[in-house]
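Comments concern the structure below.
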Amino acid sequence: MNATIVNHPLIQHKLTLMRRKETPTSLFRRLVNEIAMLLGYEVTRDLELTKREIETPLEAMKSPVLAGKKLCFVSILRAGNGLLDGMLTLMPSARVGHVGLYRDPTTLVAVEYYYKVPRDISERLAIVVDPMLATANSAIAAVDRLKQGGANKLKFVCLLAAPEGVEAFTQSHPDVPIFTAAIDRELNDHGYILPGLGDAGDRIYGTR
């Protein structure tokens with residue numbers, strides 16, 4: 001499976017705090033933001049660099065800067081916006097796209113209701129963010145849509161994944177690496193990750 005578990009101690013500690021059912025919305029939201037920044041370091045580790053001539057207070061030098069166009073973060077609405085904020089703190093110059101999907105409660109199939117990404121998405125690395133990779137139906141649909149729109153360099157970042165979701169996503173998009181803080185035990189009959197942390201969107205926005 002094309003998945004990287006980012007097991008940094010700070011990420012694992014913060015994830016444990018998020019899992020606790022008594023964690024309030026304000027703290028949960030802050031932890032999502034903090035983990036997103038830490039995951040962002042890992043997922044951007046292999047960005048290409050080039051050298052640029054600059055002047056320090058003492059002399060001229062050639063110093064490394066990011067090469068080419070900056071990347072694009074693509075949030076799967078609505079819960080993806082929780083990760084998006086942390087990623088943008090790390091890279092405020094990145095472009096942003098949104099894919100609006102909701103999961104049909106009966107079939108668990110992802111239904112698209114919104115799509116907006118930069119016109120030059122084909123020239124950028126697209127980092128797709130969503131807190132949970134459960135059935136992977138939404139993630140697969142989002143990446144399908146991005147590829148149809150011309151995206152050809154993609155990565156997927158989530159807080160938690162289920163083995164079933166990782167397998168399904170990898171089968172559909174073997175060229176798109178997954179970065180996650182943990183792969184949990186399994187899905188339940190309603191498509192929720194176990195032991196998981198509940199519904200990430202509801203816990204981020206306090207809607208339940």
Side-chain angles (χ1 to χ4, degrees), residues 1-45 73-87 89-90 99 101-103 105 108-110 127-143 154-173 176-208:
M1 293 183 183
N2 194 15
T4 298
I5 299 175
V6 185
N7 56 5
H8 190 286
L10 286 176
I11 290 179
Q12 297 305 314
H13 172 76
K14 293 174 187 295
L15 180 59
T16 294
L17 297 178
M18 292 180 65
R19 290 184 188 271
R20 298 172 61 195
K21 64 181 182 181
E22 62 267 29
T23 297
T25 298
S26 59
L27 177 57
F28 190 94
R29 188 181 298 145
R30 193 184 79 203
L31 289 166
V32 171
N33 188 281
E34 292 172 355
I35 291 178
M37 284 190 286
L38 293 168
L39 289 172
Y41 281 110
E42 187 65 31
V43 76
T44 57
R45 181 182 295 275
F73 295 119
V74 180
S75 169
I76 300 179
L77 298 174
R78 65 180 171 152
N81 281 357
L83 286 174
L84 178 64
D85 291 341
M87 296 283 186
T89 301
L90 183 66
V99 181
L101 298 165
Y102 68 88
R103 187 172 66 170
L108 304 184
V109 172
I127 298 179
V128 184
V129 296
D130 195 14
M132 316 296 275
L133 185 65
T135 63
N137 290 339
S138 294
I140 291 169
V143 173
L154 298 107
K155 296 182 179 182
F156 182 83
V157 181
C158 60
L159 292 176
L160 284 183
E164 299 93 329
V166 173
E167 182 177 1
F169 186 88
T170 301
Q171 287 180 355
S172 295
H173 296 290
V176 180
I178 301 166
F179 294 82
T180 184
I183 298 177
D184 278 8
R185 187 178 71 248
E186 62 185 353
L187 295 178
N188 66 13
D189 293 339
H190 299 287
Y192 283 90
I193 299 173
L194 297 176
L197 49 74
D199 186 295
D202 285 335
R203 297 196 68 187
I204 290 169
Y205 300 112
T207 49
R208 182 174 298 175

message: Restricting to side chain to side chain contact (heavy atoms under 4.5 Å, CB included), what partner residues turn up for Ala136, sequence neighbours left out?
response: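 Counting only residues at least two positions away or on another chain, Ala136 forms a side chain to side chain contact (heavy atoms under 4.5 Å, CB included) with Leu133, Ile140, Ala168, Phe169.
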His8: partners by side chain to side chain contact (heavy atoms under 4.5 Å, CB included), with sequence neighbours left out: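 Counting only residues at least two positions away or on another chain, His8 forms a side chain to side chain contact (heavy atoms under 4.5 Å, CB included) with Leu10, Ile11.
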[X] side chain near [Y] side chain, heavy-atom distance below 4.5 Å:
X      : Y      : answer
Asp199 : Tyr192 : yes
Ile127 : Thr44  : yes
Thr180 : Ile5   : yes
Leu159 : Leu39  : yes

query: Closest approach of Ala162 and Ala134, non-hydrogen atoms and distance?
result: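 Closest approach of Ala162 to Ala134, heavy atoms only: CB-O, 4.0 Å.
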Shortest non-hydrogen separation from Leu187 to Glu164 and the atoms involved: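 Taking Leu187 first and Glu164 second, the nearest heavy atoms are N-OE2, 3.2 Å.
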When you measure from the side chain of [X] to the backbone of [Y], do you find a donor-acceptor pair of N or O atoms at a distance under 3.5 Å?
X      : Y      : result
Arg203 : Leu197 : yes
Thr23  : Leu17  : yes
Thr25  : Ile204 : no

Listed by chain and number, what are the side chain to side chain donor-acceptor pair (under 3.5 Å) partners of [X], not counting sequence neighbours?
X      : result
Asp184 : Arg19
Arg29  : none
Arg45  : Glu42

- request: Decide yes or no on side chain to side chain contact (heavy atoms under 4.5 Å, CB included) for Leu38 and Val6, but give the supporting numbers first.
  value: CA-CA 9 Å; Leu38 293 168; Val6 185; over 6 Å; no
message: Suppose the criterion is salt bridge (Lys or Arg N to Asp or Glu O under 4.0 Å): which pairs have a residue in residues 8-18, not counting sequence neighbours?
response: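 Residue pairs passing salt bridge (Lys or Arg N to Asp or Glu O under 4.0 Å), neighbours aside: Lys14-Glu34.
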Chi angles and distances behind the salt bridge (charged side-chain N to carboxylate O under 4.0 Å, His left out) call for Arg78, Asp202: CA-CA 10 Å; Arg78 65 180 171 152; Asp202 285 335; 2.7 Å; yes
When rounded to the nearest 0.5 angstrom, what is the spacing between [atom1] in [X] and [atom2] in [Y]?
X      : Y      : atom1 : atom2 : value
Leu90  : Met37  : CG    : CE    : 8.0 Å
Ile193 : Ile183 : CD1   : CD1   : 10.0 Å
Asn81  : Asp130 : CG    : CG    : 10.0 Å

message: Checking Asn2 against Thr170 for the side-chain hydrogen bond (donor to acceptor under 3.5 Å, both in side chains) test, could you report, in this order, the C-alpha distance in whole Å, the side-chain angles of both residues, the deciding distance, and whether it holds?
response: CA-CA 6 Å; Asn2 194 15; Thr170 301; over 6 Å; no
- request: Give the C-alpha distance, both sets of side-chain angles, the deciding distance and a yes or no for side chain to side chain contact (heavy atoms under 4.5 Å, CB included) between Leu101 and Asn137.
  value: CA-CA 10 Å; Leu101 298 165; Asn137 290 339; over 6 Å; no
